[in-house]
Amino acid sequence: MDYNRFINEKIRTVKPSGIRKYFDIANEMGHVISLSVGEPDFQTPWHIREAGIDSLQRGKTWYTPNRGFSELRQEISKYFERRFHVTYNPDTQILVTVGGSEAIDGAIRTIVSEGDEVLIPEPSFVCYNPLTRLADGVPVTIETKAENGFRLTAEELESKITPKSKLLILPFPNNPTGAVMRKEHLEEIAKVVRKHNLFVLSDEIYGELTYGNTSHISIASLEGMAERTIVISGFSKSYAMTGWRLGYALGPKEIIEQMTKLHQFAIMSAPTTAQYAAIEGLRHGDGDIEYMRNEYNIRRRLIVDGFTRMGLTCFEPEGAFYVFPSIKSTGLTSDEFCTKLIKSRRVAVIPGTAFGDCGEGYIRVSYSYSLGHIMEALNRIEMFINNPDAPEIEA
Amino acid sequence: MDKLLTLLEDNAQFTYSQLAAMLGETETEIKKRIEDYKEKGVIKGTSTIIDRSKLQNAGVNAIIEIKVTPKAETGFDETAKIVASFDNVDSVYLAASATFDLIAFVRGANIQEVSSFVAKQLSTLDSVVSTATHFVLTEYKKSGISFIDDCNEEQRSMEL
């Protein structure tokens with residue numbers, strides 16, 4: 001049967017994720033040490049899980065309002081004000097979604113019309129490009145550079161703007177590079193955005209995970225930017241709640257209202273149990289975030305030190321839980337490096353190219369693992385660097 | 001507790017340079033602090049955690065509750081010191097619960113060895129009133145290390 005006849009052309013031509021191959025090799029090899037996940041290794045803090053369990057015991061198993069519980073939206077509003085100094089009206093400017101992912105999809109579909117250009121800095125998380133295409137938009141890649149700390153610069157942005165430019169995706173703190181945008185960098189971007197009357201989708205899912213002296217600044221907190229920004233965030237990374245599938249979008253009520261229609265028809269409402277748990281997290285979870293951030297920071301320092309000692313240039317990541325070392329000195333491509341590493345030393349990392357063509361020459365290494373696990377992986381990677389042509393281990 | 005100690009308690013194999021990188025100190029500072037801790041007896045030693053179920057004839061473990069008559073001068077300490085001096089005793093703690101006072105973690109080549117230790121060395125001490133021996137059947141977690149082999153590989157697969 002010719003299924004192509006029944007499959008939407010846009011869906012069919014979306015490229016599948018670039019890491020399938022390494023995943024298959026890892027499964028085949030067995031006993032692989034992985035530094036490849038994109039989620040916290042911590043379990044959801046117990047008091048948050050308990051709030052979820054408690055809601056189930058009380059039989060709270062129905063849908064919630066489309067936008068999410070009012071109590072939850074109030075807590076999100078307070079939290080965002082407390083942490084990032086932007087005030088959103090819980091009744092009109094907040095939509096609770098199934099993870100940050102749904103919020104990104106909903107925002108892009110709400111904002112982008114056929115032919116609109118969406119400016120996407122790369123390397124970055126993989127969903128922006130396909131979701132833009134599915135919304136009939138045109139993705140326009142902006143390559144960020146190691147020498148700028150993988151930050152987006154105003155010049156790079158301005159050089160890609162055309163009369164069709166509509167939306168700028170701002171994925172910082174960045175997966176996979178760990179780059180963060182400080183206030184002065186955001187000011188420069190905001191000027192360009194206002195000048196060209198663009199809208200911003202600011203993906204701040206890693207907003208709680210920044211290290212060093214400066215904490216995350218939301219572009220929505222800059223003058224005149226809240227009215228032209230949708231902020232995406234959620235509970236997955238900051239509260240170690242990936243499996244609960246809960247995120248949110250914050251923005252002007254005119255946009256949130258339209259996104260809510262989509263959400264209502266596609267999703268109905270975000271998971272009820274997760275919403276109860278999230279309320280508890282927002283009320284009493286600041287200390288958990290602090291604890292996990294400190295732990296990630298120690299791991300970050302260990303892994304950056306490890307790569308630097310091996311002679312791989314490693315830009316110091318200031319956010320998220322990834323490092324993005326350059327492997328150019330090995331003379332291998334990202335794909336060759338990852339394939340050989342997994343086959344000869346059973347260590348799985350992700351090629352930079354999975355996050356955009358400009359990721360060539362880099363690998364993404366997650367440090368969302370115990371220190372012992374990271375040490376073992378670093379030892380093996382060092383053996384690989386010293387002897388990249390060691391024979392492959394039999395699967 | 002000092003983060004340096006927390007890290008070492010978690011994993012004794014960190015090098016000075018790794019500890020320095022993690023804590024943002026120099027190697028010299030780290031080395032000095034560790035030596036100070038050793039001198040003051042804060043750091044007592046290091047050992048390796050072994051899952052004996054993976055080995056053949058690796059011996060047996062038992063947990064022994066010991067009821068003791070305390071001494072007027074020294075309380076439980078005197079008996080505890082004697083118990084601690086036995087080669088079979090891996091750890092010993094004062095618990096002073098309603099039913100027993102000392103608790104000892106004991107290792108032996110086999111059940112006979114542990115039984116003989118209890119009958120001939122431990123129970124015969126004057127101050128020991130009674131003992132209750134629990135043989136360990138399965139170790140699930142030890143010193144913070146899980147022995148459960150379900151390392152959720154499948155759940156934490158590769159993701160972007």
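In the text below, chain A, chain B and the rest are named by the order of the sequence lines, each starting its count at 1.
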Consider side chain to side chain contact (heavy atoms under 4.5 Å, CB included). Of B/L19, B/L7, B/T6, which one does A/I298 pass it with?
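Of all the options given, the one that passes is B/L7.
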
When you look at [atom1] of [X], are more than 12 heavy atoms from neighbouring residues, nucleotides or ligands closer to it than 6.0 Å?
{"X": "A/E336", "atom1": "CD", "value": "yes"}
{"X": "B/K31", "atom1": "NZ", "value": "no"}
{"X": "A/N386", "atom1": "CG", "value": "yes"}
{"X": "B/K38", "atom1": "NZ", "value": "no"}
{"X": "A/N379", "atom1": "CG", "value": "yes"}

Identify the two heavy atoms, one from A/R309 and one from B/E27, that lie closest to each other, and give their separation to 0.1 Å.
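Shortest heavy-atom contact: NH2-OE2, 4.4 Å.
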
A/R301 versus B/M22, closest heavy-atom pair with distance
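Heavy atoms of A/R301 and B/M22 come nearest at CD-O, 2.9 Å.
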
Select, from A/L302, A/D305, A/L371, A/I303, the one with the greatest count of heavy-atom pairs under 4.5 Å involving chain B.
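Heavy-atom pairs under 4.5 Å are most numerous for A/L302.
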
Region of A/R364 that comes under 4.5 Å of a non-hydrogen atom in chain B:
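The side chain, not the backbone.
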
Hey, could you give me the CG/OG distance between B/D10 and A/S370, rounded to the nearest 0.5 Å?
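Those atoms lie 7.5 Å apart.
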
